[in-house]
Amino acid sequence: MGETQQILGENVIRLLSNTAYEKRKQAGLEIETKVRNALAHPSGGGITQVKDILDCLIRHYIEHSDADHRKGGLIGLASAAIGLEKEIDKLLASLVIPILELFKDENA
């Protein structure tokens with residue numbers, strides 16, 4: 001979980017798997033901000049940082065056995081998509097495929 005904490009931050013990890021929708025929504029807002037900040041960074045490594053965020057959300061939340069984690073992962077992916085704005089085309093497959101998989105999950 002150390003890698004996840006480094007990528008998402010302790011607060012996002014705690015909120016994203018919470019049973020309350022409002023807490024997961026708050027985590028989503030933080031993820032959106034992280035994505036926007038990564039893309040605004042002048043070093044040009046923003047897309048790589050966003051890929052790391054998406055990979056982390058997919059591995060530790062979307063693919064998790066607990067329904068609340070999966071719900072948090074879905075909110076996280078949606079928030080990342082909002083944060084990507086015009087850059088979304090570069091990572092569209094990374095966003096859409098995991099979301100489509102969740103359509104098979106009646107608890108997500």
Scan for salt bridge (charged side-chain N to carboxylate O under 4.0 Å, His left out) pairs involving residues 14-25, sequence neighbours excluded, and state none if there are none.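 Checked against salt bridge (charged side-chain N to carboxylate O under 4.0 Å, His left out) - neighbours excluded - the pairs reaching residues 14-25 are Arg24-Asp68.
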
In chain order, what residues pass the side chain to side chain contact (heavy atoms under 4.5 Å, CB included) check against Glu32, with sequence neighbours excluded?
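Checked Glu32 against side chain to side chain contact (heavy atoms under 4.5 Å, CB included); matches are Leu29, Arg36, Ser79, Ile82.
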
In chain order, what residues pass the side chain to side chain contact (heavy atoms under 4.5 Å, CB included) check against Ile99, with sequence neighbours excluded?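 For Ile99, the residues satisfying side chain to side chain contact (heavy atoms under 4.5 Å, CB included) (neighbours in sequence not counted) are Leu74, Leu77, Phe103.
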
Nearest non-hydrogen partners of [X] and [Y], listed with the distance:
X	Y	result
Gln49	Ala38	OE1-CB, 3.0 Å
Pro98	Leu95	CD-O, 3.5 Å
Gly73	Tyr61	CA-CB, 3.5 Å
Gly83	Leu39	O-CD1, 3.8 Å
Gly28	Ile75	CA-CG2, 4.1 Å
Ala27	Leu15	CB-CB, 3.6 Å

Do Leu102 and Arg70 have side chains that approach each other closer than 4.5 Å (heavy atoms only, starting at C-beta)?
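Yes, their side chains come closer than 4.5 Å.
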
| request: Indicate, with yes or no, if Val50 and Ile97 share a hydrophobic cluster defined by side-chain heavy-atom contacts under 4.5 Å among Ile, Leu, Val, Met, Phe, Trp and Tyr. | output: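 Not linked; separate clusters.
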
Worksheet entry | Co-membership, hydrophobic cluster, residues Val96 and Ile47, 4.5 Å side-chain |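 Both belong to a single hydrophobic cluster.
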
Sequence neighbours left out, what passes salt bridge (Lys or Arg N to Asp or Glu O under 4.0 Å) with Lys86? Give chain and number order.
->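 Partners of Lys86 under the salt bridge (Lys or Arg N to Asp or Glu O under 4.0 Å) test: none.
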
Item to complete: Would you please name every residue forming a salt bridge (Lys or Arg N to Asp or Glu O under 4.0 Å) with Glu10, sequence neighbours left out?
Response: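 In terms of salt bridge (Lys or Arg N to Asp or Glu O under 4.0 Å), with neighbours along the sequence ignored, Glu10 is linked to no residue.
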
[atom1]/[X] to [atom2]/[Y] distance, rounded to the nearest 0.5 angstrom?
X	Y	atom1	atom2	answer
Ile62	His64	CD1	NE2	12.0 Å
Cys56	Lys51	SG	NZ	16.0 Å
Asp55	Ile7	CG	CD1	8.0 Å

Leu16 vs Leu57, side chain to side chain contact (heavy atoms under 4.5 Å, CB included): CA-CA, chis, key distance, verdict: CA-CA 10 Å; Leu16 209 53; Leu57 288 169; 3.5 Å; yes

Notebook entry, point to check: Stepwise, does the side chain to side chain contact (heavy atoms under 4.5 Å, CB included) test hold for Lys34 with Ile53?
Noted result: CA-CA 9 Å; Lys34 285 181 182 292; Ile53 291 170; 4.2 Å; yes

Counterpart residues, side chain to side chain donor-acceptor pair (under 3.5 Å), relative to Glu87 (two or more places apart):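 Result, side chain to side chain donor-acceptor pair (under 3.5 Å) vs Glu87: Lys90.
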
Note to self: Go through it in stages, so that I can follow the logic: the residues are Glu3 and Arg59, the test is salt bridge (Lys or Arg N to Asp or Glu O under 4.0 Å), and I'd like the CA-CA distance, side-chain angles, deciding distance and then a yes or no.
What the structure shows: CA-CA 11 Å; Glu3 174 194 8; Arg59 277 195 326 268; 3.1 Å; yes

